[in-house]
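These figures come from a predicted structure and were not determined experimentally.
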Amino acid sequence: MALPVPEHEPHASEYEQQYPGMPVEEAFETLNAAAPRGWRVELIEGEIHVTPPANGEHEEIVSEVTGQARDHRKDLGRYTGIGLFLPGASVSGRVQPDIVLAPKGSFADDAEYHDASAVLLVAEVTSRSTAGNDRVKKIRGYARAGIPVYLLIDRETEQVVVCTEPSGEDYDTKAPYKLGEVVPLPGPVGFDLDTGAF
């Protein structure tokens with residue numbers, strides 16, 4: 001059965017009403033397979049979220065962050081669009097962070113989604129349609145997965161928040177910076193990110 005890709009970001013309850021009895025994981029698999037190229041389908045805390053391709057400003061920021069990471073840490077792979085399994089309310093959350101930094105070769109297989117244990121940093125650049133998840137639900141998921149650094153680049157609030165020390169469902173330390181400042185990324189990443197280049 002093929003599910004249509006919605007024009008807005010859906011939630012699991014909509015699918016349960018339209019397709020009673022279909023587990024959310026099965027609906028996710030079907031939508032993920034049917035999504036047009038460039039669309040992102042994520043399963044976050046038992047809810048399916050479908051996001052259209054990002055705009056140019058978003059992608060310029062992603063490009064700048066990955067470029068600076070390459071300049072400072074040539075030993076790390078810089079992954080955009082890689083899928084990660086995250087613990088959550090469903091059997092397994094499945095997300096595609098904007099940026100993942102991990103040792104090179106960490107995802108050298110043909111799997112679409114990967115265990116997050118090798119990840120040193122995840123970064124999200126907010127958009128209007130994803131900001132709520134990026135600020136709340138993904139923080140919980142990344143902390144539960146034990147990812148050491150979560151970098152939230154919040155375009156709407158013009159802030160960069162560096163979340164470190166994952167503990168349970170949150171990060172013990174959240175250091176906010178104004179967009180445009182030099183942002184120190186602590187170990188295990190360990191370089192300064194110049195957000196003035198965004």
What verdict does the side-chain contact (heavy atoms from CB on, under 4.5 Å) test give for Asn133 and Val95, after you've listed the backbone C-alpha separation in whole Å, the side-chain angles of each residue and the deciding distance to 0.1 Å? CA-CA 11 Å; Asn133 285 333; Val95 299; over 6 Å; no
Give the intermediate values and the outcome of side-chain contact (heavy atoms from CB on, under 4.5 Å) for residues Asp170 and Ile139. CA-CA 6 Å; Asp170 205 355; Ile139 285 180; 3.4 Å; yes
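- In this structure, CG in Leu43 is found 6.0 Å from CD1 in Ile48, a value given to the nearest 0.5 Å.
- A heavy-atom distance below 4.5 Å is found between the side chains of Ile153 and Leu179.
- In the hydrophobic clustering of ILVMFWY residues, with side-chain heavy atoms under 4.5 Å counting as a link, Val100 and Val162 come out apart.
- The local environment of CD in Glu59 is crowded, with over 12 non-hydrogen atoms from other residues, nucleotides or ligands closer than 6.0 Å.
- Panel note: side chain Glu112, backbone Gly83; no donor-acceptor pair is recorded below 3.5 Å.
- Note: the hydrophobic cluster containing Val149 does not contain Val136 (ILVMFWY, side chain heavy atoms under 4.5 Å, direct or indirect links).
- Connection of Leu185 to Val182 is not established within any shared hydrophobic cluster, with ILVMFWY side chains joined at heavy-atom distances below 4.5 Å, either directly or through further cluster members.
- Glu156 has a carboxylate O that lies under 4.0 Å from a charged side-chain N of Arg135, or vice versa, which qualifies the two as a salt bridge.
- Heavy atoms only, all atoms of each residue included: Glu165 and Thr173 are closest at OE2-OG1, 3.1 Å.
- The NZ atom of Lys104 sits 11.0 Å away from atom CZ of Arg73, with the distance rounded to the nearest 0.5 Å.
- Thr126 contributes atom OG1, which lies 8.0 Å from atom CD1 of Ile61 (distance to the nearest 0.5 angstrom).
- Within the 4.5 Å cutoff, the side chain of Ile147 has heavy atoms near those of the Tyr171 side chain.
- Put simply, CG on Leu86 and CZ on Arg140 are 12.0 Å apart, with the number rounded to the nearest 0.5 Å.
- Distance alone, capped at 3.5 Å, is enough to place a donor-acceptor pair between the Arg40 side chain and the Gln96 backbone.
- In this structure, OH in Tyr142 is found 6.5 Å from CG in Leu84, a value given to the nearest 0.5 Å.
- In this structure, Thr195 contributes its side chain and Glu181 its backbone to a donor-acceptor pair below 3.5 Å.
- Taking a 6.0 Å sphere around NZ of Lys178, one finds it holds 12 or fewer heavy atoms contributed by other residues, nucleotides or ligands.
- The salt bridge (Lys or Arg N to Asp or Glu O under 4.0 Å) test with Arg94 singles out one residue from Glu29, Glu25, Glu42, and that residue is Glu29.
- Residues Asp194 and Gly180 come closest through the heavy atom pair OD1-O, 4.4 Å.
- In terms of hydrophobic clustering, with Ile, Leu, Val, Met, Phe, Trp and Tyr side chains grouped at heavy-atom distances under 4.5 Å, Val125 and Tyr79 are assigned to different clusters.
- Side-chain contact between Val161 and Asp154: absent, with no pair of heavy atoms (C-beta onward) separated by less than 4.5 Å.
- Under the 4.5 Å side-chain heavy-atom criterion for ILVMFWY residues, a single connected hydrophobic cluster contains both Val50 and Tyr113.
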I would like to know whether Lys174 and Tyr150 meet side-chain contact (heavy atoms from CB on, under 4.5 Å); could you show each step before the answer? CA-CA 9 Å; Lys174 295 177 184 168; Tyr150 173 39; over 6 Å; no
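- With contacts defined as side-chain heavy-atom distances shorter than 4.5 Å, the pair Phe85/Asp115 does not qualify.
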Asp109 vs His114, test: side-chain contact (heavy atoms from CB on, under 4.5 Å). Steps then yes/no. CA-CA 9 Å; Asp109 57 35; His114 303 268; 2.8 Å; yes
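- Closest approach of Phe198 and Val65 over heavy atoms only: CZ-CG2, 3.6 Å.
- Without hydrogens or angle criteria, Lys138 side chain to Ile44 main chain gives no donor-acceptor distance under 3.5 Å.
- With salt bridges taken as basic N to acidic carboxylate O contacts below 4.0 Å, none links Arg155 and Asp134.
- Residue Pro184 comes nearest to Asp192 through the heavy atom pair CA-OD1, 3.3 Å, listed as atom of the first residue, atom of the second, then distance.
- Looking only at distances, no side-chain donor or acceptor of His49 sits under 3.5 Å from a matching main-chain atom of Thr130.
- Between Phe107 and Ile82, the shortest heavy-atom distance links the atoms CB-CD1, 3.9 Å.
- Listed here is the closest heavy atom pair of Val119 and Val122: CG1-CG1, 3.7 Å.
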